[in-house]
Amino acid sequence: MAVRATVSRFPVDTDAREGSGLLWGVTVTPFAAVDENGNSPAFGSGGDILPRCENCWAYFNTYCELEQWAWSCSLCGTLNGLSSAAVERYSLPKSCAEMCSSFVDLELPLDGSSEEAAMQARPVYVAAVDLSYVNYGKLVTVVYNASLVVQDKFATSYTDIAFQTVNCDQPVICGLTSVESSEEFLELTKSALLAALEALAPGSLFGLATFSHKLGLYDIQGPIPVVKNVFIPPDAEGTLPIGLDDVMPLLQFLAPVDTCKDHIASALETLRPTTSWERTTAAGQSLDGVLIGGRGFGVAMEALCNYLGSEYGNTFALGLNDFNYKTQMLFTRLMFDFFNVNFACLSFKQMLFPLSTAARIFAFLSGPPDYGAGLLDTRRYGEQYASKGEDADRALLPEQTPFYKDLAAVAVQAGVCVDIFAVTNEYTDLASLKFLSIESGGSLFLYTSTEDSTLPQDMYRMLSRPYAFGCVLRLRTSTEFKPGNSYGHFFPDPQYENVQHIICCDSYATYAYDFVFENNVGFSRNKSDVPTIQIAFQYSVVVPPKELSNLAGVSTNRTIHSLKRRLRIRTLQFGVAENINELYDSCDPEVVLSLLVHKVILASLDEGVREGRVLLQEWLVILIAQYNDALKLVQYNSGLSIRSQIDVAFSQCPQLQPLPRLIFALLRNPLLRFHEEGVHPDYRIYLQCLFSVLEPSSLHRAVYPVLTSFATPDKQAYPRHSLSRAALITSGSPIFFLDAFTILVVFYSSTADPSLPFPPPHDCLLRITINKLKQERCITPKLIFIRGGLDDASVFENFLIEEQDVDGSGLTSVMGFVSFLEDITQKVLEFMK
């Protein structure tokens, strides 16, 4: 769990915070394997018996004062008693993780009759998080249309299929593919699913569905795979005429990857786009005279979420036995202890909510949903807002229907995480679709071309890394301050403050909080009262057989995956800045950038991009003005002009110096550039979703790329340059490497020695650096090699944003960094007057 604060020494009170102009908050990467300093947590057991404060419910930690029979809470100071068992436990402090480290990861024990039962548990909710798939081959088609059933000539063989027993203690992943698409799109999708197949761990379950004007479920349990289709109603309020449980039992739909991998690969070859005659009925529908197609995405997603989370389809019901029931009840009690909720007052249905199955749906889209419920009207993108006096950016950023936001709530309650892969260059209205992915803990990907798409690599990368699921995140603070706003891809608890539900969380997912003081008193000058935060992260993981063997010495001749529930706790204490200089010197500009991006995104969604840009510039103006005032840099009676005395470069504070460049770069980023500058609204939404989940260092590279120079492919020249042509010329280096997070560019200067190998050899330092960066990345960056004077260098040159009008657009809104600082100086002068 990595935690980074905007300032490592907190402001003493509200006046100090406001007087500094800085943001105050933290970013949290809860499932990171190590903290921000590279330290691993102390692992232990007994997460269920860890003492809790009777007043604020914080957990016991190393900062608490421990007496023989009591302990004082490090957050609120309350004196709490210790049970005799806890006294005995803490008499041997080195045996307890919580006595050894303020960063702990504790097991929450299963309630079972024996350890063997726990190791082979079939959890009442399945780890449907990081792995899963489906198979086909020859197809038997059964079409459901209300009460009409039509079977083809192979239907008789369907009744002869012997259904395979499925062990439901393993992750469930459902691949959802739009067949309303081109051959190129389908080929890319097949490649992505084949790559996913290689990443999936043995024992994972996989189901495959297709959607167009009908929803198809595939059964690959027998020798002859079967697809059953149910027609999607064309009306906007329609639902499927039959439940998916009646179309195909969930155990029949889900197949184990380890025994069906060949079937899956061969089944993918059978995917074909729906033919024109199949879409005749759908294509005949129109919206105000506009012909629509047959991409019934909304209905399909709603049906699948209900299918995977239904009372009988949910994996906790599939394997419900006495052991699983007890486990479910124990986990539920632990969850409500986490929330401070009265367990006894909840119904059985309510008790299952936080622990429902974590299934994962990968939705591949080739265009906007244009059929049935959830249909999106994409004509708004073609409207001429300028002629109407409207702000196009403001008009295109909000969602046009609450359908997908409501569907996200359904997915969360069902324990379903949805990842959307949009492979299209047409307007798809991701502003409406995004809620289904980000609020369910999933990701949103956009690929505008099938030719250079990294979709297969992204799929493999996504499924290769570990995931937590069924997560609950809570941040507590000492009494002087509290969390203000929270940011990130989560579903806020509808009843309890500062509680976030995360269906699926990987080691990169980052969340942010800003802080406010509880009152005007602030922090005490007494050094015994230290600002403290505690982050509790309760989650589940599926432990593979190898790890089980290491943990418990269990033989793994059979493929056994065990469900583990864990509680990760990080308690941190911060100093208090005694003056403004200490506050500025403790600033972390990357974390400040993270909180700014979250705030600007929200402002853009509410008021439009123009307002977001104004908010960002105003923040920088106020920060510079407060800095100059606090350090008394402007002397009004010195005889010098006030303008010449204003320090916009923070020359006396190295920690603040990166901020003007970061703000300038953010204003030049497509995230905040105007619609008339050619920024596609879907791309802007994609960037919003990407930037709002990145940890601070990655976000820094995405906003202001890192430019490095090399004397040869094996020798680095300079580690960092400003993004300007002048930097390239003055460095004299022949090779430049630019890391823009999503794109990596190797640029050979036109004056480079022709004897330098191009592209760089695979065993050189430059290549090693590139490969390391690619491995550490949460997505697959595109790698581009350019020879100056021979190849089109516009991709590289467009990142040299410090030059004025670098892209040749001629727009007045495009200015260089020097002009930007002059403009900010004038605004600061006006503000100070």
Side-chain angles (χ1 to χ4, degrees), residues 2 4 27 29 32 36 421 438 443-448 452-455 457-462 465 487-489 506-512 588-598 600-601 658 661-673 679-680 682-709 719-723 736-747 766-786 794-802 806:
R4 294 175 61 178
T27 59
T29 311
E36 63 280 4
F421 300 88
I438 63 176
S443 300
L444 176 66
F445 293 85
L446 175 64
Y447 307 93
T448 57
D452 58 353
S453 172
T454 58
L455 174 56
Q457 296 91 329
D458 286 337
M459 285 290 294
Y460 183 86
R461 191 180 298 265
M462 175 185 293
R465 56 182 179 252
Y487 310 93
H489 296 182
D506 68 13
S507 56
Y508 295 98
T510 301
Y511 309 89
D588 186 335
E590 291 184 338
V591 185
V592 171
L593 176 65
S594 291
L595 264 71
L596 277 174
V597 165
H598 284 293
V600 167
I601 287 174
R661 271 192 166 84
L662 292 177
I663 302 305
F664 168 75
L666 190 54
L667 290 168
R668 292 292 304 270
N669 192 277
L671 181 75
L672 289 179
R673 294 184 69 171
V679 179
H680 196 284
D682 282 342
Y683 183 61
R684 193 191 307 277
I685 293 296
Y686 163 71
L687 288 180
Q688 286 183 358
C689 295
L690 175 64
F691 286 7
S692 59
V693 77
L694 292 180
E695 55 86 26
S697 296
S698 296
L699 180 61
H700 187 174
R701 291 173 183 265
V703 171
Y704 192 93
V706 175
L707 180 61
T708 306
S709 62
R720 189 135 197 175
H721 297 277
S722 61
L723 299 177
F736 294 88
F737 172 55
L738 184 136
D739 177 7
F741 189 76
T742 58
I743 299 176
L744 305 177
V745 181
V746 176
F747 175 77
L766 178 53
R767 283 281 196 169
I768 293 172
T769 302
I770 291 172
N771 292 336
K772 185 175 183 293
L773 289 172
K774 292 173 70 175
Q775 290 173 0
E776 295 172 347
R777 208 104 323 161
C778 61
I779 61 173
T780 307
K782 294 180 181 178
L783 178 58
I784 301 174
F785 297 95
I786 298 174
S794 59
V795 173
F796 176 72
E797 292 173 348
N798 285 342
F799 282 108
L800 304 179
I801 56 175
E802 295 194 15
V806 69

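The residues of the chain are indexed from 1 along the displayed sequence.
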Nearest-0.5 Å distance that lies between atom SG in C778 and atom CZ in R465: 6.0 Å
Short side-chain to backbone donor-acceptor contact, N669 and L672, under 3.5 Å: no
Rounded distance [0.5 Å steps], OH in Y683 versus OG1 in T448: 9.0 Å
Option passing side chain to side chain donor-acceptor pair (under 3.5 Å) with T780 (candidates T742, D458, T454): D458
Enclosure of Y508 OH (heavy-atom neighbours >12, cutoff 6.0 Å): yes
Distance in Å, R461 CZ paired with K774 NZ, rounded so as to fall on 0.5 Å steps: 7.5 Å
Minimum-distance pair of heavy atoms, taken over all atoms of P658 and P589: CG-CG, 4.0 Å
Closest non-hydrogen atom pair, S594 against T27: CB-CG2, 3.9 Å
Nearest atoms (heavy-atom pairs only) where L667 meets R673: O-CG, 3.8 Å
Between CZ on residue F421 and CG on residue L446, distance to nearest 0.5 Å: 12.0 Å
All pairs passing salt bridge (charged side-chain N to carboxylate O under 4.0 Å, His left out) where residues 698-707 contributes a residue, at least two apart: R701-D739
Check: H489 side chain, C689 main-chain N or O, donor-acceptor pair, under 3.5 Å: yes
Option among L773, I743, L744 that satisfies the side chain to side chain contact (heavy atoms under 4.5 Å, CB included) test with L783: L744
Point-to-point distance, once rounded to the nearest 0.5 Å, from CG of L690 to CG of L699: 8.5 Å
Parallel, tilted or perpendicular, as decided by the 30° and 60° cut-offs, for the rings of F747 and F736: tilted
Approximate separation, where rounding is to 0.5 Å, of L707 CG and F799 CZ: 11.0 Å
Nearest non-hydrogen partners of G488 and H598, listed with the distance: N-CE1, 4.2 Å
Side-chain donor/acceptor of R4 to backbone N/O of V591, under 3.5 Å: no
Shortest non-hydrogen contact between T708 and P719, atoms and distance: OG1-O, 3.1 Å
Set of residues satisfying side chain to side chain contact (heavy atoms under 4.5 Å, CB included) with respect to S722, sequence neighbours excluded: R661, Y704, S724, A727, E802
